[in-house]
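Throughout, a chain's letter reflects where its sequence line sits, starting with A, and its residues are numbered from 1.
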Amino acid sequence: MLDIKRVRDNFEEVKKMLLTRNEDLGNLDNFEPLDKKRRELIAKTEELKAERNKVSEQISVMKRNKEDATEVITRMRQVGDEIKTLDTELNAIEEEFKDMMMRLPNIPHESVPVGTEEDDNVEDYKWGNVPTFDFEAKAHWDIAKDLDIVDFERGAKVAGSRFLFYKGLGARLERALISFMMDLHADHHGYTEMLPPQIVNRDSLTGTGQLPKFEEDVFKLVREEDEVDFYLIPTAEVPVTNYYRDEILTVDMLPQAFTAYSANFRSEAGSAGRDTRGLIRQHQFNKVELVRFVKPEESYEQLELLTGHAEKVLQLLGLPYRKLKMCTADLGFVAAKKYDLEVWIPAQDMYREISSCSNFEDFQARRANIRFRREPNAKPEYVHTLNGSGLAIGRTVAALLENYQQADGSVIIPEVLRPYMGGVEVISAK
RNA sequence: GGAGAGUUGUCCGAGAGGUCGAAGGAGCACGAUUGGAAAUCGUGUAUGCGGGUAACACUGCAUCAAGGGUUCAAAUCCCUUACUCUCCGCCA
């Protein structure tokens, strides 16, 4: 959520910055009248409540002195009714106001390139050498099928489209990648390993920014007898960032860094027809996530650090990639600044997103109410939160299969993974 | 799933309609004491939203799990929900 004071004091400027995004700003133009009305009502009810509190005290004194308070009590009954009416009105306005605020995206950082479409993203650099093949490179879904390590058809039968089975060395490869990445981040990059719940409540999804605006993107679990809603997590970012929801941290805890593996569930509403084949876009996929809680003044250098940690995975796996600075139109809802890492996919002859690394500044911290104190008795401040994929596992498998494929249809396993593969150096057809 | 007991400030813990933003401890901060420390003593120590100020000061409202209700008045009474603990049942 944005700082209300900031929006109030710099309305036109904030609006201008938000308009550089490719986002619907909802009822933003209602901000000023709603805010004004809201504050008027607050002042009015508080005045009445102050009176009630004062007179109630008098009543208690009168009662103690055995005086007759009937007349005052009758008067206060009316004041009470008035308060109730105003409170109801205020609640409705507050709700409308809050809903509007919760649907406003974050303000882009000044270093973010202004753009109107995907093509306006700025490439920082490329890493690695794109492989050349003296045979016709196959798409990863064909490689996987020929090696019998992924079963898309039975995934569709058992669950539905965009679900799959990994099988044999495919399942082993998936598991090896998870372990390899977790070990790298935990042992060498200083992250604390975490295994979070994969179901969360509504407050958590609101805290990280998926709700209320992107309800259709998440899987909701409905049980008629329950009043509470549960959701399958779309990313481990949700449970891990909400780990500190409604808490005040001490300054020596910062920065706090977690790495977490989880399955991720996305409804992929609106993406019908896109990437229908292969591992790129599934309803359920695995991912190793990086999350950092940091001091505000450090968050941009921490973003570089975190992005570097994700890049390290690609480098160790020897996968060619490029780093993109996302433009204002492609930032998504919550990020103030975002880098995408895109891995080379030979059969598609293009780079595809495999990691997104973002600084949310205090946007999530405000929603989730995560703060810290610089001194034991100092006023709490919002932390800055960051996260990044380190990496998406399914897409990594796709990249490995395509980049390391051989003329005979086999796939070489990068050396760093072999200890995790029980020494397997190459996956060949049986 | 059944029965019961709980949920109060950073933590422990009192409080059972009015004098309660909340006793008492602990912790932490600052000061005194000390050669220095421990101990001791003193002072301070929640958050949010407003008003106010150059900034302080000062000041209003709200918050005792969450939401609703009763009442002139709720931490305290009633209802709903969540969570924790104990026992039973079921179970990977």
Side-chain angles (χ1 to χ4, degrees), chain A residues 1-9 31-32 34-102 195-207 221-231 239 242-254 256 263 362 365-383:
Chain A
M1 195 170 84
L2 299 178
D3 182 356
I4 293 172
K5 284 198 189 102
R6 183 173 174 191
V7 180
R8 182 187 299 143
D9 295 342
F31 179 91
E32 284 180 314
L34 270 179
D35 186 47
K36 188 159 167 255
K37 181 78 181 162
R38 180 178 142 261
R39 296 212 287 167
E40 279 170 11
L41 281 169
I42 289 173
K44 227 187 276 178
T45 50
E46 289 194 351
E47 202 177 305
L48 287 174
K49 284 176 183 173
E51 190 191 349
R52 181 178 67 185
N53 289 344
K54 209 187 293 168
V55 176
S56 285
E57 212 166 299
Q58 285 169 14
I59 292 173
S60 83
V61 173
M62 291 168 84
K63 293 247 176 179
R64 230 172 303 142
N65 296 338
K66 310 273 189 219
E67 293 172 39
D68 177 28
T70 329
E71 193 244 330
V72 204
I73 288 178
T74 314
R75 214 178 75 224
M76 279 307 102
R77 196 171 293 157
Q78 279 169 17
V79 173
D81 288 345
E82 217 172 313
I83 289 173
K84 199 173 281 182
T85 311
L86 286 175
D87 261 346
T88 310
E89 199 181 334
L90 177 61
N91 281 342
I93 299 234
E94 288 273 20
E95 204 174 309
E96 191 181 343
F97 184 75
K98 196 178 166 199
D99 186 69
M100 180 210 67
M101 288 303 292
M102 291 305 253
L195 194 55
Q198 313 211 7
I199 290 177
V200 293
N201 56 32
R202 219 185 145 81
D203 285 346
S204 293
L205 282 160
T206 307
L221 302 175
V222 178
R223 281 196 307 186
E224 302 221 332
E225 66 273 25
D226 278 331
E227 304 235 340
V228 189
D229 296 331
F230 290 111
Y231 297 83
N242 278 279
Y243 184 70
Y244 285 128
R245 171 148 54 85
D246 293 321
E247 293 193 35
I248 300 175
L249 313 181
T250 53
V251 73
D252 53 286
M253 291 169 78
L254 303 178
Q256 190 89 184
D362 63 4
R366 264 175 210 287
R367 293 176 154 245
N369 195 27
I370 306 169
R371 295 173 295 175
F372 77 105
R373 268 188 238 273
R374 289 185 193 273
E375 303 288 338
N377 292 326
K379 207 175 153 63
E381 300 172 47
Y382 290 109
V383 301

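- For the P atom pair drawn from C85(B) and G13(B), the interatomic distance equals 15 Å after rounding to whole Å.
- Closest contact between the side chain of I59(A) and the listed nucleotides A62(B), G18(B), G48(B) involves G18(B).
- Contacts between residues 67-81 of chain A and RNA chain B, defined by a heavy-atom separation under 4.0 Å, are made by I73(A), M76(A), R77(A).
- Among residues two or more places apart in sequence or in another chain, the ring-ring contact (aromatic ring centres under 6.0 Å, His included) test is passed with Y244(A) by F293(A).
- When heavy atoms are screened at a 4.0 angstrom cut-off, N201(A) is found touching no nucleic acid atom at all.
- Residues meeting the ring-ring contact (aromatic ring centres under 6.0 Å, His included) test with Y243(A), sequence neighbours left out: F258(A).
- Residues satisfying the ring-ring contact (aromatic ring centres under 6.0 Å, His included) test with Y231(A), not counting sequence neighbours, are none.
- Judged as a side-chain hydrogen bond (donor to acceptor under 3.5 Å, both in side chains), the pairs with a partner in residues 68-80 of chain A (not counting sequence neighbours) are, in order, D68(A)-T70(A).
- Paired with D252(A) under the rule side-chain contact (heavy atoms from CB on, under 4.5 Å), one option of L249(A), T250(A), L254(A) passes, and it is T250(A).
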Atom pairs under 3.5 Å: protein N/O with N/O of nucleotides 49-57 of chain B:
from: G50(B); atom 1: OP1; to: R8(A); atom 2: NH2; distance (Å): 3.2

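- Distance check on atom P: A65(B) versus G9(B) gives 8 Å, rounded to whole Å.
- Looking at R8(A) and R39(A), their side chains come closer than 4.5 Å, going by heavy atoms from C-beta outward.
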**OP:** Dot-bracket notation for RNA chain B is requested: 5' to 3', Watson-Crick or G-U wobble pairs only, both distances under 3.5 Å, with ( ), [ ], | and . as defined.
**Re:** ((((((((.[[[..)..(.....]]]((((((.......))))))((((((......)))))).[[[[[..)....]]]]])))))))....

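- With both ends at atom P, the span from U84(B) to A26(B) equals 32 Å, rounded to whole Å.
- Across all strands, K84(A) comes closer than 4.0 Å only to sugar-phosphate atoms, never to a base (heavy-atom distances).
- Here D203(A) pairs with nothing under the side chain to side chain donor-acceptor pair (under 3.5 Å) rule; sequence neighbours left out.
- Within the 4.5 Å cutoff, side-chain heavy atoms of K49(A) are placed close to those of R52(A).
- Using a 4.5 Å heavy-atom threshold, the side chains of M100(A) and F31(A) count as touching.
- Taking E94(A) as the reference, R38(A) meet the salt bridge (charged side-chain N to carboxylate O under 4.0 Å, His left out) condition, with sequence neighbours excluded.
- No side-chain N or O of S56(A) forms a donor-acceptor pair with one of N53(A) less than 3.5 Å apart.
- Applying the side chain to side chain contact (heavy atoms under 4.5 Å, CB included) test to S60(A) and every residue at least two apart in sequence or in another chain returns R64(A).
- Between U8(B) and A75(B), the two P atoms lie 16 Å apart (nearest whole Å).
- Sorted by first and then second residue, the ring pair (Phe, Tyr, Trp, His ring centres under 6.0 Å) pairs involving residues 45-87 of chain A (not counting sequence neighbours) form an empty list.
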Tabulated below should be each protein N or O lying under 3.5 Å from an N or O of nucleotides 27-29 of chain B; please produce it.
none

